[in-house]
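All remarks here apply to the structure that follows.
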Amino acid sequence: MSVVTTLIPPQAPPEAPPKPFTASRFFGNIFMGVWLALTVGVFLMIVGGWDPEKFTRYGPSYLSGLGVTLLLVGLSVVLGGLISLPLAFARMSKNPVFSWLAYGYVYFFRGTPLLTQLFLVYYGLGSFSAELKAWGLWWFFRDAWNCALLTFTLNTAAYQAEILRGAIESVPRGQHEGADALGLPKKVAFFKVILPQALIVALRPYGNEIILMIKGSAIVAIVTVFDLMGETRRAFSRTFDYQAYLWAALLYLLMVELLRNLWAWLELRLTRHLKR
């Protein structure tokens, strides 16, 4: 009995069938063409209206405003994260008092516009200046920067608490049971087993929240905080050049894009053990 030892040589993959030219592809090509035309038009308009003198004069102000924006968002996200942990615990608590108080806090700050909250802190509490002076708190609330930081911190704490609560509750029950089987104390099991897994689940929503904070930070210019948008408004009021806002938009886009890529790298790095 003979054994066939000749292998079939590798064959080229079959050709992909031609894609039909549907109506969706037609309108998609038109849409892409319009976007390309707009991009080229904006680029030519920027090049044609480029004024090196204005850029040299107001460029340092933009960088200063950019620093204020990054500092405001960074501090508010960190402080909000510290508040969100006990707030998430209160939301998950079986004590109805803690649970409903936390629910009311989250419901208010997630259900009302950020601009309204900023006005309530800056203008609303400012109307109680006499009482705040008596309590020794007026030094804090008379500064627009402090009011903006407080508002952003309270707002993002509500969102981060809900993100963290959902992530903790998404950890499978078996992880809790495994920690109990190993005899781990509740505190150790939470910080060593449950919380790391929850943070991986919450990583992408956290990134979205920071991006929203970056874009939402532009409203602080209304209360005389000279962040990136505040410096942009000042530059426009002196030049009446639309490019003042265009450069601000590009800087916001740059911040968001850098954060998006950083978050994608973090997610890839922290979930490498899940890759098959």
Side-chain angles (χ1 to χ4, degrees), residues 1-50 55 62 66 69-70 73-74 77 110 156 159-160 162-178 193-218 228 242-243 245-276:
M1 182 177 179
S2 61
V3 179
V4 179
T5 59
T6 304
L7 299 178
I8 300 176
Q11 305 293 318
E15 295 183 1
K19 295 182 180 180
F21 195 77
T22 60
S24 60
R25 289 187 63 191
F26 174 74
F27 288 108
N29 290 337
I30 293 179
F31 183 74
M32 182 61 66
V34 171
W35 266 110
L36 289 175
L38 288 174
T39 302
V40 173
V42 170
F43 177 76
L44 293 176
M45 191 165 48
I46 293 174
V47 172
W50 174 260
F55 186 80
Y62 275 77
L66 179 63
T69 296
L70 292 175
V73 173
V77 167
R110 294 182 69 202
T156 190
Y159 282 94
Q160 290 188 50
E162 283 299 282
I163 292 171
L164 187 58
R165 180 184 66 86
I168 292 174
E169 292 181 347
S170 71
V171 177
R173 181 65 184 172
Q175 300 294 322
H176 298 267
E177 296 172 351
V193 179
I194 306 304
L195 187 59
Q197 298 181 66
L199 290 178
I200 292 177
V201 175
L203 185 62
R204 185 166 295 183
Y206 270 129
N208 294 336
E209 169 61 14
I210 297 174
I211 289 174
L212 291 175
M213 290 293 294
I214 290 175
K215 295 187 290 187
S217 65
L228 177 57
Y242 74 95
Q243 289 192 41
Y245 286 104
L246 183 58
W247 292 120
L250 292 177
L251 286 174
Y252 279 112
L253 183 62
L254 178 63
M255 284 190 289
V256 170
E257 187 63 18
L258 289 176
L259 180 64
R260 187 186 67 82
N261 284 277
L262 173 62
W263 233 247
W265 178 83
L266 282 175
E267 185 176 10
L268 183 64
R269 178 73 176 172
L270 295 177
T271 58
R272 63 188 185 278
H273 63 285
L274 301 177
K275 305 298 180 183
R276 292 290 187 265

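The structure displayed is predicted, hence computed values, not measured ones.
- Evaluation of the side-chain contact (heavy atoms from CB on, under 4.5 Å) rule for L195 yields L164, F190, F191, L199 as partners, not counting sequence neighbours.
- Side chain of T69 to main chain of L228: a donor-acceptor pair is present (N/O by atom type, distance under 3.5 Å, no hydrogens or angles).
- Here the shortest heavy-atom pairing between A202 and P205 reads O-CD, 3.2 Å.
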Kindly list each side-chain donor-acceptor pair under 3.5 angstrom involving residues 26-35, sequence neighbours excluded, with atom names and distances?
{"unit_1": "N29", "atom_1": "ND2", "unit_2": "R25", "atom_2": "O", "d": "3.2"}

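- Partners of L253 by side-chain contact (heavy atoms from CB on, under 4.5 Å), not counting sequence neighbours: none found.
- With sequence neighbours left out, the side-chain hydrogen bond (donor to acceptor under 3.5 Å, both in side chains) criterion links T156 to Q160, E209.
- By the side-chain contact (heavy atoms from CB on, under 4.5 Å) test, E15 pairs with no residue at all, sequence neighbours left out.
- With contacts defined as side-chain heavy-atom distances shorter than 4.5 Å, the pair Y159/L212 does not qualify.
- Nearest approach of A218 to Y252, heavy atoms of both residues: CB-OH, 3.7 Å.
- With contacts defined as side-chain heavy-atom distances shorter than 4.5 Å, the pair K215/S217 does not qualify.
- Across Y245 and Y62, no two heavy atoms sit closer than the pair N-OH, 4.5 Å.
- For L254, the side-chain contact (heavy atoms from CB on, under 4.5 Å) criterion is met by L258, not counting sequence neighbours.
- Atom CD1 of residue I168 and atom CD of residue Q197 lie 11.5 Å apart, to the nearest 0.5 angstrom.
- Across all their heavy atoms, L259 and I211 have their closest contact at CD2-CG1, 3.5 Å.
- Atom-to-atom distance recorded for I214:CD1 and I210:CD1 is 7.0 Å, nearest 0.5 angstrom.
- The side-chain hydrogen bond (donor to acceptor under 3.5 Å, both in side chains) test applied to T39 returns no partner, not counting sequence neighbours.
- Every residue meeting the side-chain hydrogen bond (donor to acceptor under 3.5 Å, both in side chains) condition with E257, not counting sequence neighbours, appears here in chain and number order: R260, N261.
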